[in-house]
Amino acid sequence: MNQGKVDVLLGLQWGDEGKGKVVDVLTPQYDVIARFQGGPNAGHTLEFEGEKYVLRSIPSGIFQGGKVNIIGNGVVLAPDLFMDEAKALEASGHALKERLHISKKAHLIMPTHRVLDAAYEAQKGKNKVGTTGKGIGPTYTDKISRNGLRVGDILDNFEEKYAAHKARHEAILKSLNFEYNIDEVEKKWLEGIEYLRQFHLVDSEHEINNVLRSGKSILCEGAQGTMLDVDFGSYPFVTSSNTICAGACTGLGIGPNKIGEVFGIMKAYCTRVGAGPFPTELFDETGKKIRDLGHEYGAVTGRERRCGWIDLVALRYSIMVNGVTQLIMMKSDVLDDFPTIKACTAYKVNGELTRDFPYDIEKGIEPVYEELPGWQTDMTKFTSEDQFPKQFKDYIAFLEKELETPIKIISIGPDRAQTILRKLVMSNY
């Protein structure tokens with residue numbers, strides 16, 4: 001039997017690494033693109049042919065060559081936000097209904113989930129996580145506690161099921177003395193439910209494995225980043241799902257023996273949105289300059305991203321837990337102007353040097369930096385790695401040695417065309 005292949009593409013930092021652009025670039029090499037976790041709090045930005053798109057729930061392969069795109073069971077879906085996103089794409093000429101399949105086992109984000117999100121954050125006070133308020137956490141909480149409402153439920157006795165779930169949420173909110181009004185949101189949400197019925201609602205685990213049995217290929221697309229993984233990230237300042245490679249298995253119904261390449265995406269520096277520890281964060285003019293040059297503002301929330309130098313301790317850890325086989329470096333061009341580039345190669349934890357990522361990075365962490373000369377060259381018009389200045393080639397070689405993993409793709413700008421695939425010469429890292 002000609003068994004197909006599954007490759008996984010995911011973020012290695014605190015999200016916002018540029019996954020959407022790379023999925024779009026790689027899509028022509030695959031038959032199916034499948035999103036395996038997360039919700040509409042994750043915005044994937046794509047730019048090509050003078051247009052800019054922000055995808056929240058729809059996989060980033062939707063623009064290329066009529067490929068099937070699947071929203072997997074590990075995703076949580078907000079029908080109203082999905083409707084807005086899908087209608088905007090259709091209005092710009094991108095046909096969705098024939099190409100987008102949605103797992104019946106994906107969980108639905110209800111209007112009351114968003115209210116619960118706000119209520120729980122308010123309760124935490126100064127210890128709040130800094131969620132996007134989209135209801136992601138409460139939806140995953142319901143899923144894990146076996147109280148969830150799923151896409152497949154809209155096909156059978158939905159009104160009664162919805163009313164029961166809503167009543168349970170309202171009882172919780174009453175106990176919290178939290179005031180709210182969801183009338184307008186709920187009206188649009190129910191319109192979104194009707195809109196969802198127009199799509200292929202599928203048993204995605206069967207569809208995906210049938211694709212593989214037929215010898216075709218699948219690219220699995222993750223959301224957020226490894227350092228936001230609920231198990232391996234900077235807990236509790238994390239998302240509510242498994243963002244790592246293992247999440248592709250549970251979020252799509254794929255056996256681990258089917259996974260081939262694991263593409264790990266990183267920026268040439270580091271960013272983070274919301275609260276939580278960030279060892280290499282810069283609070284000076286350099287951090288502000290990186291933010292301005294990199295346009296580091298949330299694609300969905302518009303929030304300023306915190307910026308800092310690249311953290312190789314965290315990256316080594318991410319590469320390890322994901323089994324990354326190839327690295328993809330984004331936003332290299334943002335550092336084009338800097339005379340000196342810094343990279344954190346180790347931490348001092350309470351005075352002791354370590355290269356391992358510790359249990360707690362909130363206190364007593366001092367990053368240890370290595371300085372490298374900047375390339376101070378505008379690389380945004382380059383079309384080949386042969387054009388890279390020596391200092392940038394040295395930076396790449398340094399990262400590959402430190403991370404013991406080859407860097408396969410370099411992004412030098414936001415557009416699809418500003419992507420360079422390297423001719424790798426494998427070496428012993």
> For Lys104 and Asp203, what are the C-alpha separation, side-chain angles and deciding distance, and is it a side-chain contact (heavy atoms from CB on, under 4.5 Å)?
Replying inline: CA-CA 6 Å; Lys104 293 177 189 173; Asp203 296 314; 3.6 Å; yes
> Of all heavy-atom pairs between Cys245 and Asn322, which one has the smallest distance, and what is that distance?
Replying inline: N-OD1, 2.8 Å
>> Is the ring pair Phe388/Phe392 parallel, tilted or perpendicular, if the boundaries are 30 and 60 degrees?
In response: perpendicular
> Does any N or O in the side chain of Arg35 come within less than 3.5 Å of the main-chain N or O of Gln37, such that one atom is a donor and the other an acceptor?
Replying inline: yes
> OG of Ser234 to CG of Asp360: how many Å apart, nearest 0.5 Å?
Replying inline: 10.0 Å
>> Using every non-hydrogen atom in the two residues, find where Tyr120 and Leu176 come nearest and quote the distance to one decimal.
In response: CE2-CD1, 3.8 Å
>> Consider side chain to side chain contact (heavy atoms under 4.5 Å, CB included). Of Asp311, Ile310, Leu312, which one does Thr345 pass it with?
In response: Leu312
> Does the side-chain contact (heavy atoms from CB on, under 4.5 Å) test come out yes or no for His101 and Glu207, once each step is laid out?
Replying inline: CA-CA 10 Å; His101 300 183; Glu207 179 176 355; 2.6 Å; yes
> Any side-chain heavy atom of Ile208 sitting closer than 4.5 Å to one from Ile70?
Replying inline: yes
>> side-chain contact (heavy atoms from CB on, under 4.5 Å), that's the test. Do Thr325 and Thr405 meet it? Break it down for me.
In response: CA-CA 7 Å; Thr325 59; Thr405 311; over 6 Å; no
> How about Tyr235: does its OH atom have over 12 heavy atoms from other parts shown lying under 6.0 Å from it?
Replying inline: no
> Does the distance from a Lys or Arg side-chain N to an Asp or Glu carboxylate O, for Lys188 and Asp84, drop under 4.0 Å?
Replying inline: yes
>> Is the shortest side-chain heavy-atom distance between Trp14 and Val273 below 4.5 Å?
In response: no
>> Any heavy-atom pair between the side chains of Ile420 and Ile412 that's under 4.5 Å?
In response: yes
> So which of Cys344, Pro279, Ser318 actually passes side chain to side chain contact (heavy atoms under 4.5 Å, CB included) with Val313?
Replying inline: Cys344
> Taking everything shown except Lys97 itself, do over 12 heavy atoms lie less than 6.0 Å from its NZ?
Replying inline: yes
> With the threshold set at 4.0 Å, does a side-chain nitrogen-carboxylate oxygen contact exist between Asp284 and Lys288?
Replying inline: no
> Is any side-chain heavy atom of Asn73 closer than 4.5 Å to a side-chain heavy atom of Thr250?
Replying inline: no
> Between Leu108 and Asp153, is any pair of side-chain heavy atoms under 4.5 Å apart?
Replying inline: no
> What's the spacing between Leu12 CG and Leu315 CG if we round to 0.5 Å?
Replying inline: 6.0 Å
>> Tell me whether the rings of Trp309 and Phe338 are parallel (<30°), tilted (30 to 60°) or perpendicular (>60°).
In response: perpendicular
> Okay, side chain of Trp189, backbone of Ile109: is any donor-acceptor separation there less than 3.5 Å?
Replying inline: yes
> Between Asp356 and Tyr347, does a side chain to side chain donor-acceptor pair (under 3.5 Å) hold up when you go through it step by step?
Replying inline: CA-CA 8 Å; Asp356 291 339; Tyr347 294 159; over 6 Å; no
> Are Asp117 and Lys134 close enough for a salt bridge, meaning some N to O gap below 4.0 Å?
Replying inline: no
>> Is it the case that the side chain of Thr380 and the backbone of Asp378 share a donor-acceptor pair, with hydrogens and angles ignored and the cut-off at 3.5 Å?
In response: no
> Of all heavy-atom pairs between Met330 and Glu17, which one has the smallest distance, and what is that distance?
Replying inline: CG-O, 2.9 Å
>> Checking the side chain of Asp7 only, and the main-chain atoms of Ile218 only, is there a donor and an acceptor separated by less than 3.5 Å?
In response: no
> When rounded to the nearest 0.5 angstrom, what is the spacing between CZ in Phe63 and CG in Asn69?
Replying inline: 9.5 Å
> Ion pair present between Asp142 and Arg168, side-chain N to carboxylate O less than 4.0 angstrom?
Replying inline: yes
> With a cut-off of 6.0 Å (strictly less than), are more than 12 heavy atoms of other residues, nucleotides or ligands near NZ of Lys393?
Replying inline: yes
>> Taking Arg272 first and then Glu296, would you say they form a salt bridge - that is, a charged N and a carboxylate O separated by under 4.0 Å?
In response: no
>> Main chain of Tyr140, side chain of Ser240: is a donor-acceptor contact present, judged purely on distance under 3.5 Å?
In response: no
>> Keeping Tyr269 on the side-chain end and Gly287 on the backbone end, is there a donor-acceptor pair under 3.5 Å?
In response: no
> Hey, what do you get for CD (Glu85) to CG (Asp80), rounding to the nearest 0.5 Å?
Replying inline: 11.5 Å
> Ignoring hydrogens and geometry, is there a side-chain-to-backbone donor-acceptor pair from Asn210 to His206 under 3.5 Å?
Replying inline: yes
> What orientation do Tyr195 and Phe82 show, parallel under 30°, tilted 30 to 60°, or perpendicular over 60°?
Replying inline: tilted
>> Please evaluate residues Lys267 and Thr271 with respect to the criterion side chain to side chain donor-acceptor pair (under 3.5 Å), reporting the C-alpha separation (whole Å), side-chain torsions for both, the decisive distance (0.1 Å), and the verdict.
In response: CA-CA 8 Å; Lys267 285 176 179 170; Thr271 63; 2.9 Å; yes
>> If we ignore hydrogens and angles and just use 3.5 Å, is the side chain of Arg56 paired with the main-chain N or O of Leu81 as donor and acceptor?
In response: no
>> Tell me whether Asp333 is salt-bridged to Lys331, with the criterion being a basic N under 4.0 Å from an acidic carboxylate O.
In response: no
>> Go through it in stages, so that I can follow the logic: the residues are Val230 and Thr243, the test is side-chain contact (heavy atoms from CB on, under 4.5 Å), and I'd like the CA-CA distance, side-chain angles, deciding distance and then a yes or no.
In response: CA-CA 8 Å; Val230 69; Thr243 61; over 6 Å; no
> Quick one: OG on Ser60 to CD on Glu221, what's the gap to the nearest 0.5 Å?
Replying inline: 3.5 Å
>> For a quick test of reading the model, state the closest non-hydrogen atom pair linking Arg291 to Arg305 and the distance between them.
In response: NE-O, 3.0 Å
>> Distance check, rounded to the nearest 0.5 Å: Tyr317 atom OH versus Met227 atom CE?
In response: 6.5 Å
>> Whether Glu400 and Lys408 form a salt bridge (side-chain N of Lys/Arg under 4.0 Å from carboxylate O of Asp/Glu) is what I want to check.
In response: no
>> Checking the side chain of Glu385 only, and the main-chain atoms of Lys423 only, is there a donor and an acceptor separated by less than 3.5 Å?
In response: yes
> Taking all non-hydrogen atoms of both residues, which atom of Asp31 and which atom of Ser217 are closest, and how far apart?
Replying inline: OD2-N, 2.8 Å
> With side chains defined as the heavy atoms from C-beta onward, is the minimum distance between Tyr180 and Leu173 less than 4.5 Å?
Replying inline: yes
> So which heavy atom on Leu293 is nearest to which on Val334, and how close?
Replying inline: CD1-O, 3.6 Å
> Does Leu77 reach the side chain of His107, with side-chain heavy atoms less than 4.5 Å apart?
Replying inline: no
> Got Lys289 and Asp337 here, is their nearest side-chain heavy-atom distance under 4.5 Å?
Replying inline: yes
